[in-house]
Amino acid sequence: MEAITEGVNNINISTNNNDSFKKNRIQVSNTKKPLFFYVNLAKRYMQQHNEVELSALGMAIATVVTVAEILKNNGLAVEKKILTSTVDIKDDSRGRPVQKAKIEIVLGKTAHFDELMAAAAAEDAENGDLEEQQGA
């Protein structure tokens with residue numbers, strides 16, 4: 001047991017230039033979650049990290065662009081970087097790689113982000129109080 005603990009303590013995890021895992025990256029799928037799940041998750045990531053990277057392949061690209069536009073149009077985010085590329089995805093049914101379009105959009109907080117989020121939280125709290133009063 002001590003050897004396992006020692007081994008775990010000695011693990012060196014390098015996060016420098018490791019593109020496969022970023023704490024502020026959201027990989028969007030167009031089938032798994034509703035649109036506003038990604039909008040709300042992006043807001044939370046921007047609160048924690050000051051920026052968020054939205055990433056998608058193929059048909060999910062439209063979802064990423066929509067999420068980014070919602071955040072921008074609501075005054076919460078500004079575009080920092082947009083990258084497009086193609087990636088080879090192994091297709092087991094065809095036995096050969098298939099090229100898919102990829103997009104990565106990096107959004108940063110606007111100057112008014114924190115006050116807009118605070119106003120939205122206050123409005124949500126107020127609406128919650130009204131619902132409780134009406135239900136009672």
Side-chain angles (χ1 to χ4, degrees):
M1 187 69 175
E2 288 177 19
I4 293 172
T5 305
E6 185 178 322
V8 169
N9 290 336
N10 292 331
I11 291 176
N12 182 14
I13 299 173
S14 173
T15 56
N16 296 343
N17 298 327
N18 186 357
D19 244 17
S20 62
F21 179 77
K22 288 185 178 179
K23 288 184 179 181
N24 66 335
R25 174 183 286 166
I26 300 172
Q27 293 179 312
V28 175
S29 162
N30 66 334
T31 57
K32 290 184 182 172
K33 303 282 183 190
L35 180 69
F36 274 87
F37 168 83
Y38 294 113
V39 171
N40 292 324
L41 186 61
K43 288 178 189 178
R44 192 173 315 143
Y45 276 32
M46 283 194 294
Q47 282 177 320
Q48 294 171 349
H49 305 287
N50 293 326
E51 68 177 30
V52 64
E53 180 181 312
L54 302 168
S55 174
L57 295 175
M59 301 297 285
I61 288 173
T63 304
V64 162
V65 172
T66 304
V67 169
E69 287 300 311
I70 288 169
L71 293 167
K72 285 171 33 187
N73 291 338
N74 288 327
L76 296 168
V78 291
E79 285 173 13
K80 286 185 153 187
K81 184 168 53 171
I82 299 176
L83 298 169
T84 59
S85 60
T86 54
V87 293
D88 288 333
I89 303 291
K90 186 179 177 194
D91 186 349
D92 291 331
S93 64
R94 296 184 193 173
R96 59 182 169 86
V98 176
Q99 284 201 321
K100 288 224 175 199
K102 179 179 181 179
I103 191 166
E104 295 174 73
I105 302 175
V106 179
L107 299 173
K109 282 181 172 183
T110 61
H112 302 293
F113 178 88
D114 292 321
E115 57 194 69
L116 289 169
M117 290 296 288
E123 187 176 313
D124 288 347
E126 190 176 297
N127 289 340
D129 291 344
L130 287 175
E131 287 174 12
E132 286 177 22
Q133 290 171 2
Q134 290 170 352

Exercise for the section: Please answer whether the main-chain N or O of E53 pairs with a side-chain N or O of Y45 as donor and acceptor at a distance below 3.5 Å. Expected result: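 Absent.
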Handout entry: Under 3.5 Å donor-acceptor, T110 side chain and G75 backbone
Key =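 Answer holds: yes.
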Determine the minimum heavy-atom distance between [X] and [Y], stating which atoms define it.
| X | Y | answer |
| --- | --- | --- |
| Q99 | T86 | NE2-OG1, 3.9 Å |
| Q47 | F113 | CG-CE2, 3.5 Å |
| V28 | A56 | O-CB, 3.9 Å |
| H49 | K23 | NE2-O, 3.7 Å |
| S55 | K102 | OG-CE, 3.9 Å |

To the nearest 0.5 angstrom, please state how far the [atom1] atom of [X] sits from the [atom2] atom of [Y].
| X | Y | atom1 | atom2 | result |
| --- | --- | --- | --- | --- |
| K109 | D114 | NZ | CG | 4.0 Å |
| T63 | I103 | OG1 | CD1 | 11.5 Å |
| L107 | K81 | CG | NZ | 12.0 Å |
| L57 | E104 | CG | CD | 9.0 Å |

Taking a hydrophobic cluster as the set of Ile, Leu, Val, Met, Phe, Trp and Tyr residues connected by side-chain heavy atoms closer than 4.5 Å, whether directly or through intermediates, do [X] and [Y] fall within one such cluster?
| X | Y | result |
| --- | --- | --- |
| I61 | V98 | no |
| V67 | L83 | no |
| I89 | M59 | no |

Could you check whether any side-chain heavy atom of [X] comes within less than 4.5 Å of a side-chain heavy atom of [Y], counting everything from C-beta outward?
| X | Y | answer |
| --- | --- | --- |
| V64 | I105 | yes |
| I70 | L35 | yes |
| L76 | M117 | yes |
| L71 | M46 | yes |

